[in-house]
**Student:** 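Supplied in structure tokens, the structure appears directly below.
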Amino acid sequence: MPEKKHPLYQFKYCPKCGSNHFVDNNFKSKCCEDCGFIYYFNPSSATIGVIFNEKNEILVATRAHEPAKGTLDLPGGFVDMNETAEEAVIREIKEETGLDVSAAQYLFSIPNLYMYSGFEVETTDLFFLCKVDSNARFAANDDVAELKFLPLSDLNPSLFGLRSVKQGIAKIQMMNL
Ligand SMILES: [Zn+2]
């Protein structure tokens with residue numbers, strides 16, 4: 001098996017002083033031999049919204065952009081600094097669908113990894129069951145090309161482009177939500 005590269009192998013220079021003596025410290029950090037700066041690489045928090053209508057259909061998006069452009073996805077996105085994950089999932093669903101979430105209940109988390117800008121971004125994807133007004137109109141916006149409600153039981157997880165969402169859909173199908 002090929003040895004896994006250090007997650008910061010592409011970062012050659014100390015981001016603080018610019019020294020090129022920026023070396024592996026442990027499996028998730030590098031340190032600068034000149035100024036002593038230590039940089040830890042931790043996953044970013046991201047949110048995923050699970051929205052059902054009264055027919056037990058789940059709101060599914062088609063990804064408008066890379067990575068995994070054109071594959072199925074669930075609405076959601078990164079948590080901003082100084083924002084709760086609940087606020088983030090509500091904000092992202094509003095941005096991507098126009099829907100107002102009245103309640104967001106945490107379900108579970110799954111680690112994810114995807115290429116963005118030639119860099120492997122590590123995330124902790126937090127899944128939330130989100131309540132919306134089932135009569136509200138919605139429209140695909142932002143990172144989403146198309147939105148539709150699909151029956152949960154018929155959904156094939158392999159149609160989803162991101163690893164964590166594939167696993168999340170399979171998990172949700174086994175839960176009684
Ligand atoms: Zn330095």
Side-chain angles (χ1 to χ4, degrees), residues 1-51 61-99 101 104-130 140-145 157-172:
M1 232 174 75
E3 203 181 317
K4 187 163 166 34
K5 281 183 178 159
H6 194 280
L8 293 173
Y9 78 95
Q10 291 187 91
F11 291 11
K12 297 190 174 78
Y13 301 98
C14 171
K16 202 170 174 194
C17 77
S19 162
N20 62 355
H21 298 134
F22 192 49
V23 299
D24 293 0
N25 185 47
N26 60 30
F27 77 100
K28 61 172 190 176
S29 72
K30 287 184 93 165
C31 68
C32 176
E33 291 177 327
D34 287 334
C35 76
F37 179 66
I38 299 172
Y39 182 70
Y40 268 87
F41 186 59
N42 291 305
S44 300
S45 310
T47 60
I48 293 178
V50 178
I51 300 170
T62 305
R63 294 181 63 80
H65 305 295
E66 295 297 346
K69 182 179 174 178
T71 63
L72 296 186
D73 200 5
L74 295 176
F78 284 100
V79 181
D80 283 340
M81 285 174 272
N82 298 309
E83 182 181 51
T84 67
E86 288 82 355
E87 287 165 347
V89 76
I90 291 168
R91 175 182 52 74
E92 288 284 349
I93 287 171
K94 181 73 177 171
E95 286 170 10
E96 294 181 347
T97 72
L99 288 166
V101 173
Q105 184 199 337
Y106 175 72
L107 295 174
F108 54 81
S109 68
I110 300 180
N112 197 26
L113 181 147
Y114 66 83
M115 286 299 276
Y116 184 77
S117 203
F119 183 71
E120 283 187 326
V121 180
E122 306 262 359
T123 66
T124 304
D125 289 355
L126 311 163
F127 287 70
F128 287 89
L129 183 61
C130 294
N141 283 312
D142 203 30
D143 301 333
V144 172
S158 70
L159 298 174
F160 289 78
L162 302 180
R163 186 185 72 187
S164 60
V165 184
K166 274 191 233 287
Q167 293 171 358
I169 289 287
K171 211 171 153 95
I172 292 161

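All ligand and atom numbering here is 1-based and tracks the order in the structure.
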**Student:** The Zn ion (ligand 1) as vertex, arms to SG of C32 and SG of C35: angle to 10°?
**Tutor:**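 My answer is 110°, to the nearest 10°.
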**Student:** Measure from the ring center of F119 to the ring center of F41 and say whether it is less than 6.0 Å.
**Tutor:**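 Between F41 and F119, which both carry aromatic rings, the centre distance is below 6.0 Å.
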**Student:** What angle, to the nearest 10°, do the atoms SG (C14) and SG (C17) form about the Zn ion (ligand 1)?
**Tutor:** 110°
**Student:** State yes or no: are the ring centers of Y13 and F22 separated by less than 6.0 Å?
**Tutor:**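 Here the rings of F22 and Y13 have centres that are no less than 6.0 Å from each other.
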**Student:** Roughly how far apart are E120 CD and L8 CG, rounded to 0.5 Å?
**Tutor:** 11.5 Å
**Student:** With respect to the Zn ion (ligand 1), please indicate if H21 possesses an N, O or S atom at a distance under 2.8 Å.
**Tutor:** no
**Student:** Testing the basics here: between N141 and G98, what is the closest heavy-atom pair and its distance to 0.1 Å?
**Tutor:** ND2-N, 4.4 Å
